[in-house]
Amino acid sequence: MKRGGDLVITGLAGIVAIPLGLVIALLIRRTMGGPVLFRQTRTGLHGEEFEILKFRTMRDRRFPEEPDAPRITRLGELLRRTSLDELPQLWNVARGEMGVIGPRPTLPEQVVHYSRRQRGRLDVRPGLTGWAQVRGRNSITWPERIELDLWYVHNRSLGLDLRILLLTVKVLLRPAGITAAGGVNPGFPAPTEPADTGVPVAAGAAEQPPAVIGLPRQGTASRPAPPVLPAPVHAAVEEAS
């Protein structure tokens with residue numbers, strides 16, 4: 001049923017998305033040349049990898065050590081601010097690699113650091129938008145995002161999906177938290193959490209979503225900060241969400 005709803009929404013969105021996408025593609029070709037699309041491997045349902053699609057927002061490097069931030073063009077900044085760079089992911093939804101609602105798909109380099117419990121995030125198809133997206137997006141730490149996504153996985157329902165869709169419209173109209181400082185979310189998941197203990201969720205725990213996740217941000221925690229990310233993850237500002 002959820003898959004059918006995804007296809008219906010994708011079909012309706014495509015009426016507007018296809019002509020709009022053609023205009024965006026022409027503007028990218030004119031301002032940056034090719035390629036028009038940014039492609040990147042992400043991890044989806046049950047750990048299956050797929051190639052996510054976005055409109056390109058950064059020009060090519062002029063020298064090997066050039067940082068990512070100056071490479072974002074004016075058009076690219078506009079696309080990110082309006083989330084129109086994510087428009088090609090409707091094709092990922094049509095192919096069944098993603099859904100409309102679900103945790104945002106992350107890099108394989110990130111997934112290898114998940115604990116057994118955190119891998120529960122992969123029990124549903126990744127989405128165009130999700131609970132973590134409408135509760136802070138990239139302005140919150142990775143531990144916070146993962147906890148919000150796990151809460152969604154355990155409490156997903158038609159009513160919750162409709163709520164997320166409505167909140168997504170609000171977020172699109174008033175964008176915030178599009179990119180974290182430096183393009184990297186603090187608190188990258190590291191294998192410090194013990195394996196799932198199998199302790200069941202207390203009765204009634206699913207009734208209310210967590211208002212605030214009380215997890216420390218990187219650099220402010222009493223325990224040692226998580227290890228530095230591999231270079232490909234830090235460098236990919238393009239994949240910030």
Side-chain angles (χ1 to χ4, degrees), residues 1-25 37-55 79-80 82-107 111 114 118-138 140 145-178 201 205-210 239-241:
M1 182 176 178
K2 183 176 174 63
R3 177 63 182 152
D6 287 342
L7 292 175
V8 169
I9 293 174
T10 302
L12 294 174
I15 297 173
V16 175
I18 291 175
L20 179 59
L22 290 174
V23 171
I24 292 172
L37 295 178
F38 172 79
R39 302 170 184 266
Q40 190 176 57
T41 300
R42 297 290 182 97
T43 303
L45 180 64
H46 303 318
E48 292 291 325
E49 294 182 359
F50 68 99
E51 193 172 65
I52 200 172
L53 302 176
K54 291 188 178 187
F55 279 124
L79 293 177
R80 290 186 180 202
T82 57
S83 295
L84 288 174
D85 61 321
E86 313 280 357
L87 210 56
Q89 287 163 43
L90 289 171
W91 180 242
N92 291 119
V93 177
R95 286 169 55 92
E97 297 160 336
M98 294 177 61
V100 174
I101 308 292
R104 286 294 295 168
T106 47
L107 295 162
V111 173
Y114 285 178
Q118 289 170 337
R119 287 189 68 87
R121 195 175 183 269
L122 308 177
D123 288 346
V124 298
R125 281 190 179 89
L128 297 176
T129 185
W131 187 236
Q133 291 295 100
V134 299
R135 301 281 290 185
R137 203 171 180 178
N138 288 317
I140 57 179
R145 290 179 69 180
I146 291 174
E147 288 303 314
L148 289 167
D149 286 334
L150 288 173
W151 184 89
Y152 169 79
V153 171
H154 296 146
N155 296 277
R156 62 190 186 275
S157 65
L158 177 59
L160 180 58
D161 284 355
L162 291 175
R163 181 181 177 187
I164 291 172
L165 282 176
L166 292 174
L167 289 172
T168 298
V169 173
K170 180 181 177 181
V171 169
L172 291 175
L173 293 176
R174 301 181 62 181
I178 297 172
V201 178
E207 294 177 2
Q208 294 295 330
E239 57 78 34
S241 62

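We're numbering straight along the sequence, starting at 1. Keep in mind that what you see is a predicted model, and the values were worked out from it rather than measured.
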For [X] versus [Y], what's the shortest heavy-atom pair and its separation?
X	Y	answer
L37	P88	CD2-CG, 3.7 Å
P105	F50	CB-CZ, 3.9 Å
L45	V124	CD1-C, 3.4 Å
L150	Q118	CD2-O, 4.1 Å
L53	N92	N-OD1, 3.2 Å
L90	A13	CD1-CB, 4.1 Å

Excluding sequence neighbours, so at least two apart, what forms side-chain hydrogen bond (donor to acceptor under 3.5 Å, both in side chains) with T129?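 Listed in chain order: T168.
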
Is there a side-chain contact between [X] and [Y] (heavy atoms, below 4.5 Å)?
X	Y	answer
L79	E86	no
Q133	R145	yes
D85	F38	no
F55	L87	yes
L173	K170	no
W131	N155	no

Is it the case that over 12 heavy atoms from other parts of the model lie below 6.0 angstrom from the CZ atom of R95? no

Would you say CG of L162 has more than 12 non-hydrogen atoms from neighbouring residues, nucleotides or ligands within 6.0 angstrom? yes

In Å, rounded to the nearest 0.5 Å, how long is the span from [atom1] of [X] to [atom2] of [Y]?
X	Y	atom1	atom2	result
L128	I9	CG	CD1	9.0 Å
R135	W151	CZ	CH2	8.0 Å
W91	M98	CH2	CE	14.5 Å

Using the side-chain contact (heavy atoms from CB on, under 4.5 Å) criterion, which residues pair with D149? Sequence neighbours excluded.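 For D149, the residues satisfying side-chain contact (heavy atoms from CB on, under 4.5 Å) (neighbours in sequence not counted) are P103, R121, A132.
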
Should E49 and R42 count as an ion pair when the cut-off is N to O under 4.0 Å?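 No salt bridge links E49 with R42.
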
Does a side-chain N-to-carboxylate-O contact under 4.0 Å join K2 and D161? yes

Between V171, I101, V100, which is the residue that forms a side-chain contact (heavy atoms from CB on, under 4.5 Å) with I164? I101

